[in-house]
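All residue numbers in this chain count up from 1 along the given sequence.
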Amino acid sequence: IGVIDTLFDENVYFSEWVNYTNMLPDDIPVSTRDYEHGTAVSSIIVDGPTFNPHLDDGCGNFKVKHFGVASGNSFNSFSILRDISEIVVKNKDIKVWNLSLGSKLDINRNFISPEAAILDKIQFENDVIFVIAGTNLSPGETKVRSIGAPADSINSIIVNSVDMNKQPSSYSRKGPVLSFFIKPDISYYGGDAKEPMRVCTPRGESFVKGTSFAAPWISRKLSYLIDILGLSRNIAKALIINSATGWDKQQNDSSLVGHGVVPKKIKDVIYCADDE
C-alpha cells in the first residue's frame with residue numbers, strides 16, 4: 001500500500017515493513033511533530049489489528065511504501081499533487097494509495113476542486129485507487145460544515161469516521177459533492193473521545209481520533225481485494241460500498257456517513273449475506 005502523508009520515523013518497531021522516501025525539500029525545517037501523523041497512519045496499515053484487536057479485519061499485515069510530502073502544520077497542495085503524480089507513475093506495482101491529508105477550507109458547492117480533479121485524472125490514467133480521509137472539523141468547532149479538498153474526488157473512496165456505535169463522529173464534515181455525488185462514500189471507525197484509536201508514533205503508543213485513522217483500515221481491505229484476490233479496482237470499490245449497504249434503511253444522514261459503515265471482517269465484504 002502506498003502512503004502519501006507527513007514524514008515517517010524509521011526508528012519504530014515495524015520500520016522494516018516500510019520503504020520510506022522523504023520528498024520534502026532540504027530547506028524546510030522539520031520537528032519531531034512532523035513525524036507523528038504519517039507514522040501513525042502507516043502503523044495502522046502495517047499492524048493495526050495487533051494493537052486494536054476489536055478491529056481485527058482478518059487481512060494480516062501489509063508492506064508500505066511511505067512518501068513524506070508534507071510537514072505537520074501546513075503544506076502546499078499543488079506541490080504535493082506534483083509529487084503524487086510523479087510517485088504514482090514511478091510505482092506502478094502499487095494499486096492502493098492512502099491519502100490522509102486534506103484542506104481546512106470547505107469545498108465549493110458548484111465545482112470540483114482542482115486537487116480532486118487532478119487525483120481523478122491520475123487514477124484513471126494509472127489504474128490506481130486513492131483512499132482519502134473525509135477531513136475533520138478543527139478542535140472546538142461544533143457546527144458541521146462541508147468536507148475539504150481533495151475529499152471531493154469522484155473516483156476515490158472517501159472515508160468518514162463513526163464511533164463504535166456506528167454514529168457519526170463529533171468531528172465529521174459532510175457532503176454531498178455537486179449536490180448529487182454521495183460523498184463520503186463510506187464510513188469506518190476512526191476513534192472518538194470515549195474510545196480513541198491506538199496507534200504507534202515516534203514517541204511510542206498514542207491515542208488518536210480522526211478520519212485520517214479510519215481511511216487506513218479501508219486501504220487494508222482494498223489492498224486485500226486487489227492485491228491478494230486479484231480483483232479490479234472498480235470491483236473492489238463496488239464490493240466495499242456494497243458491504244456498507246444492507247437491506248435496512250440507512251438510519252444516519254448519508255451526507256455524514258455515505259452509503260454506510262463497512263463491516264470489520266474482510267469475509268463480510270467478500271461474501272454476500274444470506275438475505276442477498
Nearest heavy-atom neighbours spanning [X] and [Y]:
| X | Y | value |
| --- | --- | --- |
| N126 | I122 | ND2-O, 2.8 Å |
| P184 | G175 | CD-N, 4.2 Å |
| K209 | A193 | CD-N, 4.0 Å |
| S100 | D5 | CB-OD2, 3.6 Å |
| D34 | P29 | OD2-O, 4.1 Å |
| A151 | I158 | O-CG1, 3.4 Å |

Flag the pair [X] / [Y] as yes when at least one side-chain heavy-atom distance between them is below 4.5 Å, and no otherwise.
| X | Y | value |
| --- | --- | --- |
| I241 | I186 | yes |
| N61 | W17 | yes |
| R173 | D106 | yes |
| N252 | Q167 | yes |
| V18 | V12 | no |
| S153 | Q123 | yes |
| D163 | K194 | no |
| Y224 | V269 | no |

Co-membership, hydrophobic cluster, residues [X] and [Y], 4.5 Å side-chain:
| X | Y | answer |
| --- | --- | --- |
| I218 | L229 | yes |
| F207 | M197 | no |
| I45 | I228 | yes |
| M164 | F213 | yes |
| F78 | W97 | yes |

[X] side chain vs [Y] backbone, donor-acceptor pair below 3.5 Å:
| X | Y | answer |
| --- | --- | --- |
| S169 | Y171 | no |
| E115 | L81 | no |
| H66 | T6 | yes |
| T211 | A133 | no |
| K183 | I154 | yes |
| R233 | V96 | no |
| N52 | R198 | yes |
| T39 | D9 | yes |
| D57 | C59 | yes |
| N155 | K121 | no |

**Report entry** Quiz item: cation-pi between K265 and Y271, 6.0 Å / 45°
**Finding:**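 No - K265 does not lie over the ring of Y271 by the 6.0 Å and 45° rule.
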Has [X] got more than 12 heavy atoms of other residues, nucleotides or ligands less than 6.0 Å from its [atom1]?
| X | atom1 | answer |
| --- | --- | --- |
| K95 | NZ | yes |
| K92 | NZ | yes |
| R203 | CZ | no |
| E205 | CD | yes |

Query - Criterion side chain to side chain donor-acceptor pair (under 3.5 Å) on N234 and S232, from CA distance to verdict - result: CA-CA 5 Å; N234 286 331; S232 74; 5.5 Å; no
Query raised in the report: Would K221 and Y188 satisfy side chain to side chain contact (heavy atoms under 4.5 Å, CB included), going step by step from the backbone distance to the final call?
Result: CA-CA 12 Å; K221 289 182 166 68; Y188 203 68; 3.1 Å; yes
Distance, nearest 0.5 Å, that separates [atom1] of [X] from [atom2] of [Y]:
| X | Y | atom1 | atom2 | result |
| --- | --- | --- | --- | --- |
| D152 | L178 | CG | CG | 8.0 Å |
| I235 | I226 | CD1 | CD1 | 10.0 Å |
| S212 | N136 | OG | CG | 5.5 Å |
| I84 | M23 | CD1 | CE | 9.5 Å |
| I132 | L119 | CD1 | CG | 5.0 Å |
| S187 | N160 | OG | CG | 5.0 Å |

Query raised in the report: Once the angle between the rings of F51 and Y13 is folded into 0 to 90°, is it parallel (under 30°), tilted (30 to 60°) or perpendicular (over 60°)?
Result: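 Judged by the thresholds at 30° and 60°, the geometry between F51 and Y13 is perpendicular.
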Query raised in the report: What's the verdict on side chain to side chain contact (heavy atoms under 4.5 Å, CB included) for L7 and N22, showing C-alpha distance, side-chain angles and the deciding distance?
Result: CA-CA 7 Å; L7 308 181; N22 183 356; 3.6 Å; yes
Query raised in the report: Between I87 and V69, does a side chain to side chain contact (heavy atoms under 4.5 Å, CB included) hold up when you go through it step by step?
Result: CA-CA 10 Å; I87 289 166; V69 298; 4.1 Å; yes
Query - Worked check of side chain to side chain contact (heavy atoms under 4.5 Å, CB included) between F67 and D83 - result: CA-CA 9 Å; F67 298 87; D83 286 342; over 6 Å; no
**Report entry** Verdict with reasoning, F14 to F8, per ring pair (Phe, Tyr, Trp, His ring centres under 6.0 Å)
**Finding:** CA-CA 11 Å; F14 60 91; F8 176 76; 5.8 Å; yes
